Each structure stands twice: as structure tokens, then as C-alpha cells.
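Just below is one structure, and these are the notes that go with it.
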Amino acid sequence: MSTFLVQPPSKEAVPPHGKASQLPEAPTYQEAPAVQDKAAPEDAVPPHVESPPPPGPSQQQQQQRHEEERRSVRKEDSPGGGGGTASSPQPDSLCLDVRRFDPARGAASLAVDGVAAYEIVSRALDAASQTRSRLAKENILTNAFRWVSSASDAEAVCYLLAPVRDAQAGGHRLREDYEHAALGLSRRVVERALLDATGASAAGLEAARRRVGGEWGDAAVAVAGSQRSLGRLGRLSCVGVRSELLALGEVAGSGADEVKRRKLALLFRRAKGTELKWLLKTAHAHMSCGISLEASVLPAFAKANGVDSAEARAAYARRPSVGAVCRAILAGGNLVEEVRFSPGVPPSPMLATACTSYSEALSKAGRRALLERKYDGQRVGAHMKDDEEKKVRLFSRKLDDMTQKYGEVCEALRSAYSSSGAFVVDGEIVASSFQDLASRPRSDATGVRVVLFDLLWLEKRDLRGEPLSERRRLLRESFASSSVVDFAVGREVETASADEVIASELADAVDAGCEGLIVKNLEAPYELQRSTTWLKLKKDYLEELGDSLDLVPVGGWRGSGRKRKWISPILVATYDPETGELGSVCRVMSGFKDAFYRDFTVAMLGSEIAEPSTPSKKKNKKNPRVVTEERCTYWFEDPREVWEIRGAEVTASPTHKSGIGLVHPDRGLSLRFPRFIRPRPDKSLADATTPAHLAELFRRRRGRTQEQPSSS
DNA sequence: GTCCCGTCGCCGC
DNA sequence: CTCCGACTGATTCGG
DNA sequence: CCGAATCAGTCGGAGGCGGCGACGGGAC
């Protein structure tokens, strides 16, 4: 508590969030034992070969490895990478096939005061994280759920098995999304709580981490090991853990972190065995165990109770309430009747599939298609219930309630609605640009518009099954456009004869400041999931369109998880031939093949990054020509390579320095959605994109706006 | 004690 | 949002 | 006819950008 930790021990466990992590890495002492992955044959690969054509032996090895994996559950890494090496050699009974698993055995010890023990969750997660097979995971979860019989336990277990909101780290999900409450747990608080609870020092924990193979969770367990002092606190239950975590989210105001730290430490202290690992990972919102609520947990719970797992998923999409779905499953499993879509509760939105050519879009779109503009704003589902109040509520793509934020939109929708009774519409909230929209205050964002494109419910009718053409007709009948409410611009075409128009429609959409087109099958129903009846076509997806840049890699960081052996992300820069400066544009982490990472890392550092030491010091000095405020772990000595990098658009950046002053006094230029396309060995520094060129692209883009053309 | 500024969680894409 | 790799289930291919 | 190779779809997890706002902590 009073001991102020110098550096969070998580330095490498967490992604390098740019401005933060400092300190170029001191510890250079080598780790002797274990780390058998050091001895892996890949190491024999000669340094810096441009994607070696005959990777012969290594591929075979991989094959072999996979088969091994398939046959038997094995320890060692899996998604999380470098998992518990020396942990349980004995497979948990949860790994037995569902038909052979006997829930009665040992079940007594899995209850705490009559409710499910957290041990159920930690055991399931332990077992599931040992394998990559999704079937095996589902098998494990299904077994675990056979220890759970009440709906309230089931709900808590579901949340605790998948407590992270989505793939994007950071947020938690411990209650209905549409009542979402973030926990506001900073890494520092979590780490201090951990040290508090275990009595370990930061250095001790770090040492333990090296011993167990790099995983913080395992290190925590190792450190906590012997000194359990439960006292009268008692074992953890699922409902208890969930409510304790939720309580952390309620703490606010000055001194909040201190209170949270204390509460968390209390929770950690009660953890037994690997429970601590999962509590820690939960608090960090980084589970990395290959389990999601929708795709793994709910289907497993359904299966454990004799309900079709696809039906459970569908039910959750209609009404994303874990509690409701669990109750219905336990109450007999009539999900169609008992878990319904209804106005006021946001269903999962329909999403489009990305598509990289005109022909692909048209061939997949069915006979008749709608070429609709894709507005660059924020997705919104607007609901009005059939009640006296006539209140419009808004939900984000991830179902957060946005009613408060966009009060004007609510008002405008209510008055634009020409019918009576309930409605559910789908649309996009837009401003003159995405950046403009994003900079609105979170509490009350005014001066925005909403562009409607679908209608899911009208009065007493669920319209999801109707073809898009019909939904669209009803949408236009039921709402009047106004200065705030509008309809998405779209053109209905016969796909057989649309080859000509699609390119020009896309061009027009981009000219109008839109991101591109959504090509929609006019006969298709509204699906509460990603669907191929909606195809997303953006100009930067198309090979010949969009801007690709030629940028220079100048530095990088150590990756985490499955990329921990490599440099990732990688900082890239423009080159200014006048001054010789390399101004940073963005970090890139998308688009690289694993082999490329390996070769590049070897080329830059001499080998893949051995856990847990490195970098070697000599690679660690920034080249003075590099202009950035990023603090890379690795700086490349003599940046001269050129890579093709593609992005959706150039942005004015508060963090990157390329072209600073050219479009804004103290902002540089960056890229939205950056990804690596290919190396350009044919190009040299002199051919790299210049800051001036980047500025030109920025200005060109800024000329286009989504603002309503003040006509009609 | 108050104010201001830097971090970082969280959320949008 | 983007992308890649792994897993799965379906389908086709070779013996 | 059956097992092996191939294919397409799904899933998970690696992390990009900008921006608001809550909080902690230093300056005053």
C-alpha cells in the first residue's frame, strides 16, 4: 500500500500503450532453465531470408505438432501463449467426453453455502486453456455446467467464464450489455492489489514469472502458493465473485482507486490455487483462453441441459440477456417462446461481410441488390416501446445505451415517426465526419443527424423475416425525413446488369464522404449476426483504389500472447528527403504473416525474442533522424526498408509527428485502419512517401463531407 | 485546499 | 475497425 | 467405397487510430 511500486510489473504482459511504458529495459540476465521452445527447430533457420521457399522440415514439424495436439490435450501454450508449463500433469475430469463424465463425483466440494463455487469456473478455464480445439473446449464447458443447476448460478458462471466484453481488450461484461457498467480497473490497481494480497514484492513476482514461463497469472499463483490465510473469509462463489466485481464498478470519486485496490486484494486473498490466475486475468480483462460467451459458453450451457446450442445462440441474439437465456434453458428450453425479440431490448445488430471486389459483391448479393451508401459514423438501434411514455431509446452497436448522449436524435425520431405504437429502426448517427462526431461530448452530443436504413419492428409486427425490399418500403412509409432524420441513399439494381453502375455508385458514395457501399440482397431477411446478404465494399479494400503508402519501419515493441516472440507492433514513418527526417505515422500490427514476423525479428534482433530477457542494448538507441514521441522498445539502427502500408484515410494526429505543421500547427498525420500489404524491396528511402504527400492526401479527403447537401 | 495536467480506461471506428 | 491462423464440417479426390 | 486432401466459413486474439473523461498527483 504505502510502498509505491516503481514500475508496474506488467510491462510486458500488457500491450505497450504508447505514451505510457517507459524505461528501455534493464534486466539483461539470461534465463537458464526450461524454455524448451528455445530448442525448437525453427531456430535453425538462417537469418534474414526473404520468405524461404523450402521451409521443409519446419513445416513437417508443425504438422506433427498439430496431430499431437489433436489426439491428446497438451499443455504448453495454446492461444495464451507460454501458458503454465509445469502445471497439472493430470488432466481434469472435465476433459472426459460428455458421455463419460460423471458430475456426481466430487460435486459436493463444488458448492459454497449452497451456491456454485468459483472453482468450477477456474477448473473449466484451466482445462479449456490447455487445448485449442473448440470442440474440446465446448466439451469441457458442457461438463462444468452439469455442476450448475440454478439459473442464478448459471448466469454467474456464464459471465465469469467469459467476463471480457469482446475481442478488444479493456471492457468487462458482467451484466446485460444494454446495462453495461465498466469496472474502471486500471492495471496499476490490479497489480497493487495482487502484491497486496500475496505479500510478494514486484521483484519477487517478476522472478516467479520467469520461473513459470512468462505468464502473470501463473506467477501470481506460484507466489501466492503457500501462504493462504483465508481466515473467516471463506471460499469464493460464482455469484459472490460476480457481485464483488460489479461492486468495483460502482466505486467512483476521489480515492476510488484505493478503495478498489483494497476490495480487489480481498478477493485475491480468498482465491485458492489457480482461482487467482483467473481472477487476475479477469481483472485485467485479458482472458486469452479461447472462450466467448456467444460461441462457447451459452451453447455449452444449452447442451448440458439438452437444448440445441444453435437455438441458444439465436435466443441470445434476439435478447442479449444471459439471465433470460439461462432461465429459459432451465425452465424447459422453449427458447422461441420465452426469449423473444421485443422493442426496448436491443438485439444483436446485423453486420456486413467484407468484400474485396465488385464481382464478388454482385455475385453474392442475389438477384436484386441494393447498393447503399455506408456512412461513416456510429451505428444505432432506435427503439420505441408501445406504451404511454413514447420514449425513444438508442443503443450502440455493442448495445450500450446511448439515449442520454443523443437526446436530439431521440426527439427527432419521435417526431419523424408517422405511425403509432412501437418501432425498432436501424441506422447510423453521423456528423460532418467521423472525427467530428467522435469529438462530441459523451454526455450530450448535439448537432448530429441520423441516417436510417432498416426497420425491424413496426407497431405489433416483427419484420425481421420480411425481405429487405419490404422493410425498406415500410421504413420510408413510417418516417418522414427532417433536418435530423434521413434515409440512407441507395439504389436498387438487378445484379446481372450492375457491373457498370457499381463502380460509379462507389465513387459517388466516396465523393459524398461515405466509407463506401453496403451491397444488400433485397430479398434477404434481417439476421441478428454477421451475414453474407450484406456485403461491405470500401474503396480501400479494392486493390486498385484507395491510397497505399510506402513507409519505413523505424522501431517496434515486443508482441504479447501469440506474438510474444516477435516485434509487434512496428512503428513506421515517412521520409522527408529535404531534411532526412523519418516522421512517425502509425504503428502497424495487421497484415503480417507469422513467417514475416519471424524473419523480420531475426533480421532486426538476430533471433526471435527469447523469453524473458532482451533486447540487447546496442539495438536500443533511437536513430536521431527519427521524429516521434513514441518510445519504442526496439529502435532499428539504420532504417532504410520500405513497406507498402494501406489505410482507409489520413487523419490529423495528436500523437504522430509526420507532416507536423503542414495541416495543423501541432498535429502530425496518421492513418486510420493501417495494415501491412507487402515489403517493397524495389524501393529505397528516396522513394518512400513524404510528409508533403501525406498532407496532400489529408487535404483531399477533408474536402469531402457527409453533411447534408442542403437541397431537399 | 485547488487547480491543472498527464495517464489510461473505455468506447467509437 | 483489420488482419491472420486454427479449427470444423463439407466436399472432392485418389486409390 | 473409404480415407486423405482441399475448401469455405467461423472464431479468437493480436492490436491500429481518435477522443472524452475520471482519476491521481504535483504545483501552487
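To find a chain, count down the sequence lines: A is the first, B the second, and so on, and within it residues start at 1. Just so you know, these numbers come straight off a predicted model, no measurement behind them.
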TODO: Have a look at A/Gly377 and say if it touches a base, only the backbone sugar-phosphate, or nothing, with a 4.0 Å heavy-atom cut-off.
DONE: sugar-phosphate
Task: side chain to side chain donor-acceptor pair (under 3.5 Å) against A/Arg175, all qualifying residues, sequence neighbours excluded - done: none
- [ ] Among D/dG25, D/dG18, B/dC13, find the nucleotide with the atom closest to the side chain of A/Arg192.
- [x] D/dG25
Open item on the list: If you compare every side-chain N and O of A/Gln435 against the phosphate oxygens of D/dG19 (OP1, OP2), does one of them come in below 4.0 Å?
Closed with: yes
TODO: Kindly point out which of D/dG12, D/dG16, B/dC13 is positioned nearest to the side chain of A/Ser292?
DONE: D/dG12
Task: A/Ser443 side-chain N/O to D/dC20 phosphate OP1/OP2 under 4.0 Å - done: no
Open item on the list: Over all strands shown, is A/Ser296 touching base, sugar-phosphate only, or nothing at heavy-atom distances under 4.0 angstrom?
Closed with: sugar-phosphate
Open item on the list: Rounded to whole Å, how long is the line connecting atom NZ of A/Lys137 with atom P of D/dG12?
Closed with: 9 Å
Open item on the list: With a 6.0 Å cut-off (strictly less than), is the heavy-atom count around CD of A/Gln404, excluding the residue itself, greater than 12?
Closed with: no
Open item on the list: Any base atoms under 4.0 Å from A/Lys536, or only sugar-phosphate, or nothing? Heavy atoms, all strands.
Closed with: sugar-phosphate
Open item on the list: Please confirm whether the shortest side-chain N or O distance from A/Arg187 to OP1 or OP2 of B/dC8 is below 4.0 Å.
Closed with: no
- [ ] Provide, to the nearest angstrom, the distance between the CZ atom belonging to A/Arg558 and the P atom belonging to D/dA14.
- [x] 14 Å
Open item on the list: Less than 4.0 angstrom between a side-chain N/O of A/Ser288 and OP1 or OP2 of D/dG12, yes or no?
Closed with: no
Open item on the list: From CZ of A/Arg442 over to P of B/dG9, roughly how many Å is that when rounded to an integer?
Closed with: 14 Å
TODO: Output the single nucleotide from D/dG18, B/dG12, D/dG19 whose closest atom is nearest the side chain of A/Ser653.
DONE: D/dG18
Task: Between CG on residue A/Leu185 and NZ on residue A/Lys260, distance to nearest 0.5 Å - done: 6.0 Å
TODO: Determine the minimum heavy-atom distance between A/Pro349 and A/Leu399, stating which atoms define it.
DONE: CD-CD2, 4.2 Å
Task: Of A/Leu399 and A/Ser186, the one whose closest DNA chain B nucleotide lies more 5' - done: A/Ser186
- [ ] Would you classify A/Leu437 as touching base, sugar-phosphate or nothing, given that sugar-phosphate means primed atoms plus P, OP1 and OP2, and contacts are heavy atoms under 4.0 Å?
- [x] nothing
Open item on the list: Under 4.0 Å, heavy atoms only, any strand: does A/Lys538 hit a base, just the sugar-phosphate, or nothing?
Closed with: sugar-phosphate
TODO: Describe the nucleic acid contact of A/His172 in one word from base, sugar-phosphate, nothing, applying a heavy-atom distance below 4.0 Å.
DONE: nothing
Open item on the list: Closer than 3.5 angstrom, by distance alone: can the side chain of A/Lys281 be matched with the main-chain N or O of A/Met287 as a donor-acceptor pair?
Closed with: yes
Task: Distance-minimising heavy-atom pair for A/Cys514 and A/Gln706 - done: CA-OE1, 4.0 Å
Open item on the list: Side chain of A/Pro674, heavy atoms from C-beta onward: which of D/dC20, D/dG21, D/dG16 has the nearest atom to it?
Closed with: D/dG16
Task: From A/Leu194 atom CG to A/Leu264 atom CG, the distance as rounded to the nearest 0.5 Å - done: 9.5 Å
Task: Ionic contact status for A/Glu428 with A/Arg379, cut-off 4.0 Å - done: no
Task: Between P of D/dG12 and CZ of A/Arg173, the distance in whole Å - done: 11 Å
Open item on the list: In this structure, how many angstroms lie between the P atom of D/dG24 and the CG atom of A/Asp257, rounded?
Closed with: 4 Å
Open item on the list: By the 4.0 Å heavy-atom rule, please label A/Ala354 as base, sugar-phosphate, or nothing.
Closed with: nothing
TODO: Assign each of A/Gly184 and A/Arg379 to its nearest nucleotide of DNA chain B by heavy atoms, then name whichever residue's nucleotide is nearer the 5' end.
DONE: A/Gly184
Open item on the list: From C-beta outward on A/Cys586, which listed nucleotide comes closest to its side chain: B/dC13, D/dG16, B/dC11?
Closed with: D/dG16
Task: A/Leu141 vs A/Ser296, side chain to side chain contact (heavy atoms under 4.5 Å, CB included): CA-CA, chis, key distance, verdict - done: CA-CA 8 Å; A/Leu141 297 184; A/Ser296 311; 4.0 Å; yes
Open item on the list: Let's see if you can work this out: which of B/dG12, D/dC23, D/dC17 has an atom nearest to the side-chain heavy atoms of A/Ala256?
Closed with: D/dC23
Task: Nearest-nucleotide pick for A/Arg165, side chain only, options being D/dG18, B/dC11, D/dG16 - done: B/dC11
- [ ] Ignoring hydrogens and angles, answer whether the base of D/dC17 and the side-chain atoms of A/Arg672 contain a donor-acceptor pair closer than 3.5 Å.
- [x] no
TODO: Could you tell me, to 10°, how much the axis swings from one end of the helix from B/dG1-D/dC28 to B/dC13-D/dG16 to the other, five pairs per end?
DONE: 10°
TODO: Using modelled atom types only, decide if a donor and an acceptor are shared between the side chain of A/Thr601 and the backbone of A/Ile567 within a distance under 3.5 Å.
DONE: yes
Task: Gap between atoms CD and P, on A/Glu360 and D/dA8 respectively (whole Å) - done: 11 Å
Open item on the list: Rounded at 0.5 Å granularity, tell me how far CG in A/Leu669 sits from CG in A/Leu697.
Closed with: 9.0 Å
- [ ] Choose from D/dG16, D/dG18, D/dG25 the nucleotide whose nearest atom is closest to any side-chain atom of A/Ser670.
- [x] D/dG18
Open item on the list: Looking at D/dG13, I'd like to know if its phosphate oxygens (OP1 or OP2) sit under 4.0 Å from a side-chain N or O belonging to A/His286.
Closed with: no
Task: Nucleotide nearest A/Ala295 (side chain, heavy atoms from C-beta), chosen from B/dC13, B/dC10, D/dG12 - done: D/dG12
Task: Between A/Phe592 and A/Phe600, ring centroids under 6.0 Å - done: no
For nucleotides 3-5 of chain C, print each protein N/O atom paired with a nucleotide N/O atom at under 3.5 Å, atom names and distance only.
{"residue": "C/dC3", "atom": "O4'", "partner": "A/Ser590", "partner atom": "OG", "Å": "2.8"}
{"residue": "C/dG5", "atom": "OP1", "partner": "A/Asp594", "partner atom": "N", "Å": "2.9"}

Open item on the list: Quick check for you: among B/dC13, D/dG19, D/dA14, whose closest atom lies nearest to any side-chain atom of A/Arg667?
Closed with: D/dG19
TODO: Rounded to the nearest angstrom, tell me the gap between atom CD in A/Gln529 and atom P in D/dG9.
DONE: 14 Å
